[in-house]
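Lettering of chains follows the sequences in order, A, B, ..., and the numbering in each one begins at 1. If you're wondering where the values come from, they're calculated on a predicted model, not measured in any experiment.
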Protein chains: 2
Amino acid sequence: MTGTSEVSPLTLNRLSIYLRSLRQLQDHGVHRISSKQLADQFHLSPTQIRKDLAQFGEFGIRGVGYDVDHLAGRLTELLGLDSCRRLILIGVGNLGRALAHYVGFNSRSFRLVALVDQDPTKIGRRIGELVVQPPARLADLIRETGAEIGILAVPEEAAQANYDALAEAGIRAVLNFAPARLRTDPHVRTKDVDFRINLEELGYYLK
Amino acid sequence: MTGTSEVSPLTLNRLSIYLRSLRQLQDHGVHRISSKQLADQFHLSPTQIRKDLAQFGEFGIRGVGYDVDHLAGRLTELLGLDSCRRLILIGVGNLGRALAHYVGFNSRSFRLVALVDQDPTKIGRRIGELVVQPPARLADLIRETGAEIGILAVPEEAAQANYDALAEAGIRAVLNFAPARLRTDPHVRTKDVDFRINLEELGYYLK
DNA sequence: AGATGTGAATGAGTTCACAGCT
DNA sequence: AGCTGTGAACTCATTCACATCT
């Protein structure tokens, strides 16, 4: 059932979790599971699993449950994880370098294809298999490598300018690690990851 | 108005953003602002700002707006950022080391006080001002340093065991960077940060 | 006049409860 | 009998619209 309205990020994030859980089950040789069992094992809600899946079709067998391999396969397609997205990382400070080595950024579904930093002492350095490039090459790099997602790991002050440059160069999505309120481009999917906000949330409850 | 029910994380996260925005205004010498102006400058919703603040009292002046310094001060208290929370970091791989250097983890409101890793080749190494300690010392470290928040930056397989050890040792909150579904302890505030989920969300929309 | 603070209305997201398959 | 898929009920969150105050 292909509804016309967009899928909520919350649902999407849970689909990622379901898929990950299913893969773990595959590794343990499990071939069939009910929403209840899945929920119990991974601390999820069985109704929510079914509702989330319902947005995309019928994947289970009534009275029986889900075929683990089949469902994992469908979720993989659904999330677009069967093809490989190319990433360009802007900013190779401490965080940027850690992200560059992060396995999730170099898996079957995602691959880091370019590194950019403005600092002359960093340009030319090799990190993993890539060499840090100057910002002037940004647009060319995106065109040459076919990068679709930009990872912003620059300091707060530089965030907006780099975001704008990415948008201008035709990037399609940005994962922003800078603690800045970006003026976003409507053509660019943008998602913030902000540790400080998460920390402050935890801190609040400790009072 | 001290309502009895708990504040939602969504509200809390926005309060962090408001505070950050106000501090930027302070740096620019702005002393008074309306919810409308604040919203315009930082891409927020004016009604939501007012509703969020309303949960904690009346901070503005009708017909006038908010005193920037005063509101910033109240939010700082409210979020508990006037005192300093001590953090213990578990796992000093790529991500862990980046986090150790992350300024937000060593600010006025948060301070990293201990590092732990299980890898014998890492134990004893100095990172910043701290020396990496073995897991056996975890409980002692938490007691000695008064650490309240644990940062989990270990591989997926090790996440649950380390979480349990932190909970057992009396930690009050955990910020988990491992891509694992943790069985959480009801006495420990737990928050997940998962880059892969965020990436996959962006990836979905690119299909 | 102009902006806050807030009840009422709307919308989004989750849970319930059960009809419908296997 | 058992588990999925789903309308209806409910809860949580945002937005509207306006009374209230400076």
Candidate pair B:Gln41 and B:Leu25, rule side-chain contact (heavy atoms from CB on, under 4.5 Å), full reasoning: CA-CA 10 Å; B:Gln41 273 192 56; B:Leu25 291 171; 3.6 Å; yes

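For a distance-only test at 3.5 Å, the side chain of A:Arg50 qualifies as a donor-acceptor partner of the base of D:dG5.
Under the 3.5 Å distance criterion, with hydrogens and angles disregarded, no donor-acceptor pair is assigned to the side chains of A:Thr145 and A:Arg86.
Residue whose closest nucleotide on DNA chain D sits further toward the 5' end, between A:Lys51 and A:Gly63: A:Gly63.
Listed in residue order, the members of residues 10-18 of chain B having a heavy atom less than 4.0 Å from DNA chain D are B:Leu10, B:Arg14. Within residues 30-42 of chain A, the residues having any heavy atom closer than 4.0 Å to DNA chain D are, in order of number, A:Ser34, A:Ser35.
A donor-acceptor contact shorter than 3.5 Å is absent between the side chain of B:Lys51 and the backbone of B:Pro46.
Residue-environment remark: CZ (A:Arg111) stays at or below the threshold of 12 foreign heavy atoms within 6.0 Å.
Looking at residues two or more places apart in sequence or on another chain, you find a ring pair (Phe, Tyr, Trp, His ring centres under 6.0 Å) between A:Phe195 and B:Tyr102, B:Phe177.
Look at CG on B:Leu71: it is 14 Å from C1' on C:dG5, rounded to the nearest Å. Taking atom OH on A:Tyr66 and atom P on C:dC21, their separation rounds to 16 Å, with Å as the unit. Regarding A:Asp52, its CG atom lies at a distance of 7 Å from the P atom of C:dT14, rounded to whole Å.
With values rounded to the nearest 0.5 angstrom, B:Ile197 atom CD1 is found 4.0 Å from A:Ile17 atom CD1.
Listed nucleotides D:dT15, D:dG5, C:dT15 differ in distance to A:Gln48; the shortest reach to its side chain belongs to C:dT15.
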